[in-house]
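Data first, discussion second: the structure below is written as structure tokens.
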Amino acid sequence: MTQIHPTAVIDPKADIHESCEIGAFCVIGSHVTLHENVVVKPHVMIDGHTTIGKGTQIFPFASIGGAPQDLKYRGEPSELIIGEHNMIREYVTMNPGTEDGGMKTVIGNNSLFMMSAHVAHDCKLGDHIVMANHATLAGHVTVGDHVWFGGLSAVLQFVRIGAYAVIGGMAGVENDVIPFGRVKGERGSLAGLNLVRMERMGLDKSQIKA
């Protein structure tokens with residue numbers, strides 16, 4: 001029998017396999033499909049036209065399948081398809097596709113998405129990927145198998161990351177990365193003063209110069 005906590009709110013149209021576990025205070029929408037042995041920890045939201053493969057685990061406060069963060073999105077019934085045996089940790093966000101991107105976001109199998117990782121609309125991800133804490137993928141990003149993303153890294157829209165690449169922590173990736181490529185990002189450096197803020201604070205020119 002499906003193990004569903006009595007406080008979970010599940011639309012009766014949702015397709016949930018009898019082997020699934022759903023924790024307290026979860027909210028699951030009408031177009032959600034959960035396959036065998038999916039485990040949804042407490043306080044998870046799963047919405048949209050979302051399919052989750054067998055053996056995947058989702059941890060508290062993840063938001064899966066919510067509307068894309070795209071101003072062009074108009075409520076079209078796009079999909080989020082998540083494969084098998086993935087681990088989706090706390091506060092992870094994953095969005096479905098858009099009309100401009102083929103209507104699908106697709107995530108492969110056996111990947112780890114650490115706390116607060118983000119997969120935006122229309123991304124296509126392979127298998128055995130690791131996204132460390134706060135790693136983010138913008139829309140339409142394609143990622144090959146066995147790619148690792150360091151913490152706080154970010155990938156620009158439409159970038160392609162080749163298989164077995166590694167993206168260093170805090171790296172900002174603006175261009176395609178070859179398979180087996182190793183990316184080290186630019187680190188922040190002082191580029192001047194916040195003159196606008198100083199002026200708004202009422203500092204005179206002598207104070208600013210000092």
Side-chain angles (χ1 to χ4, degrees), residues 17 19-21 32-41 44 46 48-65 68 78-97 101-185:
H17 192 271
S19 61
C20 294
E21 299 179 21
V32 172
T33 298
L34 305 182
H35 288 289
E36 298 96 317
N37 299 310
V38 170
V39 176
V40 183
K41 304 289 187 180
V44 170
I46 308 175
H49 292 75
T50 298
T51 300
I52 300 176
K54 67 181 181 181
T56 290
Q57 298 185 54
I58 306 177
F59 283 70
F61 305 106
S63 178
I64 307 299
S78 55
E79 296 181 78
L80 169 62
I81 301 172
I82 299 173
E84 301 177 356
H85 302 291
N86 293 294
M87 184 171 292
I88 301 171
R89 295 302 304 246
E90 295 82 358
Y91 295 99
V92 167
T93 53
M94 296 178 173
N95 297 145
M103 297 286 285
K104 288 183 180 179
T105 300
V106 181
I107 295 170
N109 308 316
N110 300 295
S111 293
L112 169 61
F113 302 89
M114 297 186 196
M115 189 267 292
S116 293
H118 174 64
V119 179
H121 58 89
D122 304 296
C123 287
K124 305 293 187 292
L125 276 61
D127 302 333
H128 301 283
I129 291 167
V130 175
M131 294 184 66
N133 296 352
H134 296 279
T136 58
L137 305 179
H140 309 276
V141 170
T142 301
V143 182
D145 297 340
H146 295 277
V147 175
W148 287 18
F149 295 88
L152 296 164
S153 58
V155 181
L156 193 66
Q157 294 93 333
F158 296 99
V159 165
R160 299 171 296 175
I161 308 292
Y164 295 93
V166 58
I167 310 301
M170 300 178 67
V173 183
E174 298 180 345
N175 300 294
D176 291 352
V177 178
I178 60 173
F180 295 94
R182 182 167 62 92
V183 175
K184 294 175 64 177

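We use all heavy atoms of the structure for the numbers below, so side chains are in, but hydrogens, waters and symmetry mates are not.
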To the nearest 0.5 Å, atom NE2 of His121 lies from atom CG of Leu80 at 13.0 Å
Rounded distance (nearest 0.5 Å) linking atom SG of Cys20 with atom CG of Leu34: 5.0 Å
How far does CE of Met115 sit from CZ of Arg89, to the nearest 0.5 angstrom? 10.0 Å
Does Glu36, at its CD atom, have more than 12 non-hydrogen atoms belonging to other residues, nucleotides or ligands within less than 6.0 Å? yes
Nearest heavy-atom approach of Val38 to Lys54 is CG2-CA, 4.3 Å
Applying side-chain contact (heavy atoms from CB on, under 4.5 Å), run through His17 and Asn37 and close with a yes or a no. CA-CA 8 Å; His17 192 271; Asn37 299 310; over 6 Å; no
Would you say Asn109 and His85 make side-chain contact, with heavy atoms under 4.5 Å? no
Any donor-acceptor pair under 3.5 Å linking the side chain of Ser116 with the backbone of His134? no
CA sep, side-chain torsions, deciding dist, call: Ile58, Ile52, side-chain contact (heavy atoms from CB on, under 4.5 Å): CA-CA 10 Å; Ile58 306 177; Ile52 300 176; 3.6 Å; yes
Where is the tightest heavy-atom contact between Ala165 and Val177, given as atom of each residue plus distance? CB-CG1, 3.9 Å
To the nearest 0.5 Å, what is the distance between SG on Cys123 and CD1 on Ile107? 8.0 Å
Could you check whether any side-chain heavy atom of Ile88 comes within less than 4.5 Å of a side-chain heavy atom of Thr56, counting everything from C-beta outward? yes
How many angstroms lie between CG in Asp176 and CD in Glu174, if you round to the nearest 0.5 Å? 12.0 Å
Counting N and O atoms only, with roles assigned by atom type, does the side chain of Thr105 sit under 3.5 Å from a partner on the main chain of Gly97, one being a donor and the other an acceptor? yes
Can you label the angle between the Phe158 ring and the His140 ring as parallel, tilted or perpendicular, going by 30° and 60°? parallel
Test side chain to side chain contact (heavy atoms under 4.5 Å, CB included), reference Phe149, set Val183, Val143, Val166, output is Val143
Is the count of non-hydrogen atoms from other residues, nucleotides or ligands lying under 6.0 Å from Tyr164 atom OH greater than 12? no
If the test is side chain to side chain contact (heavy atoms under 4.5 Å, CB included), which one of Asn86, Asn133, Thr93 qualifies with Phe113? Asn86
Side chains of Val159 and Leu137: closer than 4.5 Å at any heavy-atom pair? no
In sequence, state the C-alpha distance, the side-chain angles, and the governing distance for Thr51 and His35, and then conclude on side-chain contact (heavy atoms from CB on, under 4.5 Å). CA-CA 8 Å; Thr51 300; His35 288 289; 3.6 Å; yes
State, with a plain yes or no, whether a side-chain heavy atom of Met114 is found less than 4.5 Å away from one of Met131. no
Donor-acceptor pair, distance only, cut-off 3.5 Å: does the side chain of Asp145 make one with the backbone of Gly126? no
Could you tell me whether Lys124 atom NZ has more than 12 heavy atoms of other residues or ligands within 6.0 Å of it? yes
Decide side-chain contact (heavy atoms from CB on, under 4.5 Å) for Lys104 and Ile81; before the verdict, give the C-alpha distance in whole Å, the side-chain angles of both, and the deciding distance to 0.1 Å. CA-CA 7 Å; Lys104 288 183 180 179; Ile81 301 172; 4.0 Å; yes
Taking all non-hydrogen atoms of both residues, which atom of Gly168 and which atom of Ser153 are closest, and how far apart? O-CB, 3.7 Å
So, for Pro68 and Pro96, which heavy atoms are closest and what is the spacing to 0.1 Å? CG-O, 3.5 Å
Roughly how far apart are Asn175 CG and Arg160 CZ, rounded to 0.5 Å? 11.0 Å
If we only count heavy atoms from C-beta on, is the Glu90 to Phe59 side-chain gap below 4.5 Å? yes
